[in-house]
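Every chain is numbered from 1 and lettered A, B, ... according to where its sequence line falls, protein lines coming before strand lines. Keep in mind that the numbers below use all heavy atoms, side chains included, and drop hydrogens, waters and symmetry copies.
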Number of protein chains: 2
Amino acid sequence: MATQDTQDRILDAAERLFAQRGFAGTSLRAVTSEAGVNLAAVNYHFGSKEELLTATLQRLVGPLNAERLRRLDQVEAAADPPSVEGILDAFLRPALGADPATMRIVAVVLYSESADLVRDLIRNLFGEYAQRFIRALARALPQLGDAEIALRFHFLVGSMTHVLSGRPLLTAEVEALPEPPSRERVLEEMIATLAAGFRAPQVHKPARRSEDAA
Amino acid sequence: MATQDTQDRILDAAERLFAQRGFAGTSLRAVTSEAGVNLAAVNYHFGSKEELLTATLQRLVGPLNAERLRRLDQVEAAADPPSVEGILDAFLRPALGADPATMRIVAVVLYSESADLVRDLIRNLFGEYAQRFIRALARALPQLGDAEIALRFHFLVGSMTHVLSGRPLLTAEVEALPEPPSRERVLEEMIATLAAGFRAPQVHKPARRSEDAA
DNA sequence: GTCTATATCCTGATAGAC
DNA sequence: GTCTATCAGGATATAGAC
């Protein structure tokens with residue numbers, strides 16, 4: 001079996017299983033068994049279980065964030081500053097459009113595992129891209145201070161991650177609907193809701209924005 | 001050592017460790033060692049690791065949801081229908097006011113562990129309370145359909161859980177602020193943002209609300 | 001690159017003395 | 001109710017044949 005093939009099969013299996021059972025809850029035996037490769041192959045190709053997680057997330061998140069930036073460039077080229085809705089669409093659509101079963105891994109890893117393991121991993125994967133979007137939102141919402149932008153972006157990330165997780169915390173409510181909303185419907189509803197949230201008037205003293213203070 | 005004492009010590013330790021390392025990532029040896037009790041005590045008092053998780057969550061979430069309902073009753077008694085802000089305050093303040101280190105366990109368990117283990121657990125713990133709040137929000141926002149209320153409540157839960165998780169996905173942005181926002185500030189910002197989101201106009205056809213269709 | 005076999009350690013759970 | 005000792009199995013990782 002070609003090297004690339006074995007690696008991909010391992011990554012495919014790891015993606016599925018980490019998403020379903022979490023990192024600590026997934027054994028390398030389960031991964032190699034699901035992938036149809038030998039147990040020793042993981043350590044040969046990736047070095048360790050932890051490095052397998054890193055590789056899995058990078059393969060998944062890399063293209064996702066590239067697509068996000070591509071769309072952000074587009075909306076920024078079309079209007080200056082772009083609309084809040086346009087920015088949110090660029091951020092959310094690639095994530096919500098991807099395979100839900102695999103996107104769940106982001107929520108799983110983000111929240112579940114030990115802080116030490118996750119911190120740098122997440123920051124390296126998302127930090128730079130998040131800053132790009134935060135800056136775009138700050139330009140589209142000049143009436144808000146840095147703290148408001150940062151906090152509201154935080155709320156946005158939480159909403160998105162929760163939806164991506166597909167977890168039934170309260171999906172009973174959603175499932176009880178006559179017909180479950182389509183993914184496009186969820187996306188549109190999310191953009192409209194979050195955009196209104198970003199446009200909410202500032203609750204605290206309108207502190208001068210850092211970039212205006214010169 | 002009294003039975004109650006040992007059980008409480010185990011629950012205290014389990015709460016801390018599950019929150020830090022997740023369920024699968026925490027061994028019973030770690031729990032009993034941290035609690036200063038014998039390894040066999042967990043199985044004697046709780047039956048199994050899984051039942052220990054259930055007991056831990058019940059002890060944490062029970063009083064939290066009781067406090068939420070008490071506050072919801074208050075705001076409903078004060079105004080009919082109550083303001084969206086009042087409802088959100090009743091829902092969020094008890095959670096955001098609790099010890100962040102232990103509240104993290106909700107996010108950890110919700111997102112990280114296997115779906116089978118979590119589904120019924122979460123639904124039993126939160127389902128009933130969530131319905132009360134959803135109904136209150138629906139009465140405060142009669143212009144929205146059932147689907148909108150359900151989805152936006154979903155977004156709210158995600159934002160809250162993300163903040164409670166304390167995870168550094170993008171907290172670099174928040175940490176980079178001149179002074180980190182106080183918990184009260186975060187709560188107020190969250191209420192204002194989410195209330196504006198709930199009040200966003202309906203994006204789809206304003207389908208008649210189920211309770212109005214008679 | 002892939003395999004078997006294994007080293008080393010940890011896991012949840014329990015039997016039985018006290 | 002608490003302890004020790006242990007069972008039976010699973011964990012990651014690696015050494016070494018092919």
>> I need the minimum non-hydrogen distance between A/L164 and A/A95, along with the two atoms involved.
In response: CD2-O, 3.6 Å
Within the pair [X] and [N], is there a side-chain N or O less than 4.0 Å away from OP1 or OP2?
X     : N      : result
B/T6  : D/dT2  : yes
A/T3  : C/dG1  : yes
B/S27 : C/dT11 : yes

>> Over all strands shown, is B/T32 touching base, sugar-phosphate only, or nothing at heavy-atom distances under 4.0 angstrom?
In response: nothing
> Do NZ/NE/NH1/NH2 and the carboxylate oxygens of A/R68 and A/D73 come within less than 4.0 Å?
Replying inline: no
>> Between A/E148 and B/R185, does any NZ, NE, NH1 or NH2 come within less than 4.0 Å of an OD or OE carboxylate oxygen?
In response: yes
Euclidean distance, atom [atom1] of residue [X] to atom [atom2] of [N] [Å, nearest integer]:
X     : N      : atom1 : atom2 : answer
B/E51 : C/dG12 : CD    : C1'   : 13 Å
A/K49 : D/dT14 : NZ    : C1'   : 17 Å
A/Y44 : D/dA15 : OH    : P     : 14 Å
A/L28 : D/dA11 : CG    : P     : 9 Å
A/E50 : D/dA11 : CD    : C1'   : 15 Å
A/R21 : D/dA11 : CZ    : P     : 10 Å
B/F46 : D/dG1  : CZ    : P     : 12 Å

> Do the side-chain N and O atoms of B/R152 and A/T193 include a donor-acceptor pair separated by under 3.5 angstrom?
Replying inline: yes
>> Just by distance, no angles: are the side chains of B/S48 and B/E51 close enough, under 3.5 Å, to form a donor-acceptor pair?
In response: yes
> Choosing from D/dA13, D/dT2, C/dA13, which nucleotide comes nearest the side chain of A/N43?
Replying inline: D/dA13
>> Determine whether a donor-acceptor pair (N or O, by modelled atom type, separation under 3.5 Å) exists between the side chain of A/T102 and the backbone of A/E15.
In response: no
> Sequence neighbours excluded, which residues qualify as ring-ring contact (aromatic ring centres under 6.0 Å, His included) partners of B/F18?
Replying inline: B/F23
>> Treating primed atoms plus P, OP1 and OP2 as sugar-phosphate and everything else as base, which nucleotides of nucleotides 3-9 of chain C get B, S or - for protein heavy atoms under 4.0 Å?
In response: BB-----
